[in-house]
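Right, one structure below, let's go through it.
No hydrogens, no waters, no symmetry mates; every other heavy atom, side chains included, goes into these values.
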Amino acid sequence: MQEKYIPAEIERAARTHWQATAADRALEADDKPKYYCLCMFPYPSGKLHMGHVRNYVIGDVLARYHRMLGENVLQPMGWDAFGMPAENAALANKASPADWTYQNIDCMKQQLQLLGLSIDWRRELTTCRPEYYRWEQWLFTRLFEKGLIYKKLGAVNWDPVDQTVLANEQVIDGRGWRSGALVEKREIPMYYMKITAYAEELLSSLDTLTGWPERVRLMQKNWIGKSVGVRLAFPFEQDGETQKLWVFTTRADTLMGVTFVAVAAEHPLAARAAENTPELAAFIEECKKGSVAEADLATMEKKGMPTGLFARHPLTDEKIPVWVGNYVLMRYGEGAVMAVPAHDERDFAFAQKYGLPIKQVIGAANETFSLDGWQEWYGDKSRAVCVNSGKYDGLAHAAAVEAIAADLAKLELGEREVQWRLRDWGISRQRYWGCPIPIVHCEQCGDVHVPDNELPVRLPENVDITGAGSPLAKMPEFYETTCPKCGKPARRETDTLDTFVESSWYFLRYACPDNDEAMLDTRVEYWCAGGIDQYIGGIEHAILHLLYARFFTRLIRDAGLIRLAEPFKNLLTQGMVVAPTFYRRDANGKEQWFNPAEVEIKTDERGRPAGATLKVDGQPVVIGGIEKMSKSRNNGIAPQTLIDQYGADTVRLFMMFAAPPDQSLEWSDVGVEGAYRFLRRVWKLAHTHVRRGVTAASSGNAGLTESQKDLRRKLHQTINKTRDDYGRRQQFNTAIAAVMELLNACDKTDLSDAAGHALAQEAFEAVALMLFPIVPHIGQTLYAELKPGADAARAAFPQADPDALAQDEVELMIQVGGKLRGSLTIAAHADKTAIEAAALNSEAAQKFMDGKPAKKVVVVPGRLVNIVV
RNA sequence: GCCGGGGUGGCGGAAUCGGUAGACGCAGCGGAUUCAAAAUCCGCCGCCGCAAGGUGUGAGGGUUCGAGUCCCUCUCCCGGCACCA
């Protein structure tokens with residue numbers, strides 16, 4: 001065995017060994033339980049970043065651990081290869097999106113392989129390849145036939161200068177990112193997927209996802225947003241006829257407090273009222289400015305204008321003014337809301353601003369309403385009964401809703417209704433680098449889907465990207481075609497699919513990426529039975545991607561291809577990788593950002609940071625916040641540099657040690673140094689042992705001294721701890737800390753006799769295997785040195801020996817009045833009475849009880865005794 | 001704005017079911033080794049205090065024998081908001 005730890009050498013050798021023994025290959029086999037471990041596939045953006053490394057190392061730790069439990073593990077990898085950055089790169093560098101993407105994939109694949117991930121690369125898939133997207137198009141045609149895909153108008157961000165549709169990301173402060181022009185909302189025809197048809201199922205089966213973080217389930221639940229309420233109508237006269245203005249409300253109990261109705265700017269009633277009112281028409285026009293993003297709509301100033309129209313209250317016949325409000329969303333509910341300023345914060349602000357009346361209808365009989373205290377009334381169910389509401393007075397929320405709904409139903413002015421916040425998924429994109437939509441527009445036959453034998457509709461790869469308009473719409477060789485039904489000249493659809501579509505089913509295709517006859521086959525049933533065993537990815541995907549994937553799995557189930565409904569049995573949402581930022585402000589007040597690698601941090605005599613300077617000029621820089629690693633803040637650290645310097649194991653160890661997987665991880669250069677130091681220490685200790693001579697590991701406590709027994713207990717406690725941390729808790733930082741503690745204990749125990757030597761052998765073998773999932777290269781190498789001929793990649797995870805764990809005495813803490821005052825060592829089997837007596841007799845108790853009698857003694861077995869005086 | 005999450009030493013974090021706050025590591029300080037340095041090894045290390053002790057988990061309040069953990073109010077930070085992926 002080499003005396004020195006040389007990562008580059010042992011990592012190369014370990015990778016060669018795994019390749020030669022096909023250690024990562026996943027074959028369908030029934031002799032052991034399967035474990036499908038999946039990480040969210042990357043977008044091939046160029047180089048691997050720290051977020052990728054973190055994601056894939058977490059996945060690899062779990063994959064390797066489960067292999068050591070004797071499971072049949074599949075860990076695949078692929079490329080989410082369609083998307084906007086390829087088009088942006090094409091604009092900037094004149095490279096084709098396809099070339100750019102494929103080059104990035106080559107580069108990132110090479111980097112991934114250096115990390116020592118146990119991936120079955122034979123299953124690699126790339127979504128921009130026709131072999132992949134042809135099946136997406138095939139499924140599209142099935143869904144189109146079923147009516148689960150349909151066409152309607154949808155709002156997009158329109159850049160009037162570049163004459164192009166912008167993504168929300170490309171709208172900055174209401175302006176186009178390239179042109180700087182004020183962005184407008186524009187309605188264009190688009191294809192939609194009927195995800196709302198599955199709303200009920202997507203909501204109710206969230207309860208079955210017990211392997212998901214509670215917060216993700218809650219976010220999905222709120223996103224789907226089922227609300228039970230009442231759809232009710234305010235009648236109004238138009239052209240001599242009685243029309244109905246419908247609204248949806250979950251607070252029908254406040255109906256008697258309505259003082260106005262507000263409609264969206266796009267509401268037909270607003271358009272009609274604007275015909276003779278230029279100011280209103282101008283206001284509606286103004287509402288069209290700005291982006292379509294929900295966050296922008298919700299944070300803008302609430303504005304409104306009266307339409308001059310009046311409707312009648314459905315129960316009192318009172319005249320109710322109709323307003324246009326920029327905060328009313330056309331796409332939710334009826335595009336109109338009833339306003340109850342006394343009991344809704346937003347209505348209240350609006351009423352105050354425009355001097356509209358406020359009428360309290362919820363409260364308690366003996367309390368009076370004041371404008372200052374309205375928040376107290378709103379939502380306080382304990383006091384909330386109807387007041388000032390005629391026959392409904394005294395009714396509580398649910399009863400009032402019931403009574404009012406019943407009365408409205410008799411008048412045919414209302415009915416109970418369920419509303420969803422979830423809306424259908426618009427999948428059309430006016431972009432080039434995406435999966436072509438397999439539809440042909442025929443003047444005679446309408447929208448006709450492309451037949452199976454003409455699939456895939458290939459995306460041309462040599463294309464001219466200009467940044468204005470859709471490139472495919474400028475390529476007659478692409479869009480000129482004939483109708484599959486009547487054979488007459490027709491025009492091919494030039495929009496492409498939302499890239500979320502590719503990532504909604506790729507996890508199924510890993511089971512059979514080589515099948516060119518069918519989208520999926522029986523191998524999916526094997527690998528996905530009961531769901532993918534572990535899915536790992538960023539928390540930022542908690543809603544959209546995961547919801548779409550759940551939706552698609554059901555679509556594919558209902559197409560008869562699989563039986564699965566929920567794709568991901570267990571979900572681990574990983575935190576972000578963040579790093580400090582450093583900048584200087586130039587004369588124009590613009591920040592110039594410096595990479596942490598270029599900056600030197602000064603500390604005071606106690607190690608507190610006290611300023612930073614730029615290495616090249618020694619002049620100070622401003623220390624900014626700790627933010628997600630990004631190009632814009634120049635605070636990214638390239639993983640490759642660190643792998644070159646320290647080896648993959650050090651990078652893996654640091655990433656797993658610095659924070660638990662679901663928390664954000666702060667990058668630290670000196671922390672990496674510490675991880676490297678630990679691996680060197682492990683290597684050195686093992687080397688010293690191996691030089692003394694490998695031997696048979698001890699298998700019991702026979703012949704051990706007391707301190708050696710303590711060490712052996714610690715060893716077996718550590719085995720239990722690491723099993724729990726890898727398996728149940730998925731918290732790897734504490735597993736590493738436990739092994740560090742064990743090594744510290746080994747160092748402090750006299751192992752010079754023969755029994756000690758055997759115990760050292762037992763401990764080092766276990767340490768190599770316990771660390772193997774996290775640092776596989778060094779784990780592989782050390783295990784083979786300790787046990788010549790042994791292969792850690794095929795070894796079982798150590799198991800604790802119950803005899804080693806047994807303990808005669810335990811230490812209990814003594815508290816007096818809840819304050820820690822001392823401790824007590826007592827036989828492990830001592831009962832409560834004995835513990836109580838021993839505690840009362842202890843020096844600590846005597847001293848702090850001050851001669852007063854004990855009022856109460858609380859004994860927590862194995863933990864503490866609290867004496868209350 | 002709405003939905004979700006978080007705030008613990010100089011720093012990353014630990015405390016798993018309400019029971020020893022600060023495991024483990026980093027930084028720092030002191031020492032050994034060395035011609036010297038690097039590396040390594042040993043010791044100290046929340047804050048106040050000479051000590052006894054007091055105090056301490058974003059702020060304020062509450063429940064409890066006992067609260068970082070549960071409840072209420074507030075505050076700051078982060079993620080998502082349907083065309084970034």
Side-chain angles (χ1 to χ4, degrees), chain A residues 40 42-43 45 80 83-85 154 156-157 165-171 213-216 218-219 221-223 225 291-300 302 327 345-346 421-426 428-431 498-500 503 538-545 547-548 573 575-576 578 603-609 625-628 654 657-660 662-668 670-675 677-678 680-681 684 724-725 728-729 731 733-734 736-741 744 747 811-815 817-820 823 855-858 860 862-864 866-868:
Chain A
M40 291 181 185
Y43 176 79
S45 52
D80 187 13
M84 223 169 41
V156 293
N157 302 307
V165 175
L166 298 178
N168 284 336
E169 190 192 47
Q170 298 171 316
V171 180
E214 188 55 45
R215 61 166 193 252
V216 176
L218 191 55
M219 278 191 264
K221 182 184 171 207
N222 292 337
W223 183 265
S291 89
V292 296
E294 178 93 10
D296 293 339
L297 295 171
T299 48
M300 68 189 177
K302 308 289 174 283
Y327 64 94
E345 195 167 350
R346 201 172 49 182
R421 211 188 74 93
L422 182 69
R423 43 183 209 260
D424 280 341
W425 174 14
S428 296
R429 296 293 179 269
Q430 299 66 48
R431 271 186 252 294
D498 181 0
T499 56
F500 265 123
S503 56
I539 182 68
E540 66 272 22
H541 297 291
I543 296 176
L544 289 177
H545 162 62
L547 190 64
Y548 292 148
T573 50
M576 295 177 308
V578 296
T603 53
D604 66 13
E605 72 283 356
R606 302 190 68 167
R608 293 193 188 94
I626 291 165
E627 298 184 47
K628 179 175 173 167
F654 171 71
F657 183 59
D662 58 351
Q663 280 180 36
S664 64
L665 183 151
E666 193 182 326
W667 188 257
S668 142
V670 282
V672 177
E673 197 76 51
R677 196 177 305 153
F678 173 72
R680 261 196 330 239
R681 181 162 171 242
K684 200 179 122 189
D724 193 41
D725 282 350
R728 181 181 64 89
R729 298 216 301 159
Q731 190 171 307
N733 55 333
T734 47
I736 297 165
V739 175
M740 286 175 169
E741 275 188 72
N744 290 343
D747 230 10
E811 196 188 17
L812 298 182
M813 293 301 120
I814 296 178
Q815 292 185 343
K819 278 187 201 289
L820 183 69
S823 69
K855 207 195 278 176
K856 184 176 175 186
V857 181
V858 182
V860 185
R863 291 263 183 203
L864 55 72
N866 187 12
I867 301 164
V868 189

statement: Taken to the nearest whole Å, CG/A/Asn157 to P/B/C84 is 9 Å
task: Treat primed atoms plus P, OP1 and OP2 as sugar-phosphate and everything else as base, then score nucleotides 4-9 of chain B 5' to 3': B for base contact with protein heavy atoms under 4.0 Å, S for sugar-phosphate contact only, - for none.
output: SS----
- line: Writing each nucleotide of RNA chain B 5' to 3' as (, ), [, ], | or . by Watson-Crick or G-U pairing under 3.5 Å yields (((((((..(((......[....))).(((((.......))))).(((....)))..(((((..]....))))))))))))....
field: Under the side-chain contact (heavy atoms from CB on, under 4.5 Å) test, residues paired with A/Arg423 that sit two or more places apart
entry: A/Glu294, A/Arg331
message: On the nucleotide B/A15, are OP1 or OP2 found under 4.0 Å from the side-chain N or O atoms that A/Arg729 carries?
response: yes
Just the atom pairs and distances: protein N or O near nucleotides 17-24 of chain B's N or O, under 3.5 Å.
{"unit_1": "B/A23", "atom_1": "O2'", "unit_2": "A/Glu741", "atom_2": "OE2", "d": "3.0"}

- request: Measure across A/Gly862 and A/Leu812 and return the closest heavy-atom pair with its distance rounded to 0.1 Å.
  value: C-CD2, 3.5 Å
Side-chain donor-acceptor contact under 3.5 Å, A/Ser503 with A/Asp80: no
- prompt: For A/Tyr548, which residues count as a ring-ring contact (aromatic ring centres under 6.0 Å, His included) partner, sequence neighbours excluded?
  reply: A/Trp425, A/Phe500
task: Would you please confirm or rule out a distance under 4.0 Å between OP1 or OP2 of B/C3 and any side-chain N or O of A/Lys221?
output: no
query: The side chain of A/Ala167 lies closest to which of these nucleotides: B/U16, B/G13, B/C84?
result: B/C84
- request: Give A/Phe500 one of three labels, base, sugar-phosphate or nothing, depending on what nucleic acid heavy atoms sit under 4.0 Å from its own.
  value: base
Distance, C1' atom - from B/G66 to B/A51, rounded to whole angstrom: 28 Å
message: Work out how far the C1' atom of B/G58 is from that of B/U75, and round it to whole angstrom.
response: 8 Å
- prompt: Is the distance from OP1 or OP2 of B/C78 to the nearest side-chain N or O of A/Ser664 less than 4.0 Å?
  reply: no
- request: List in chain and number order the residues that pass side-chain contact (heavy atoms from CB on, under 4.5 Å) with A/Ala737, two or more places apart in sequence or in another chain; answer none if no residue qualifies.
  value: A/Phe657
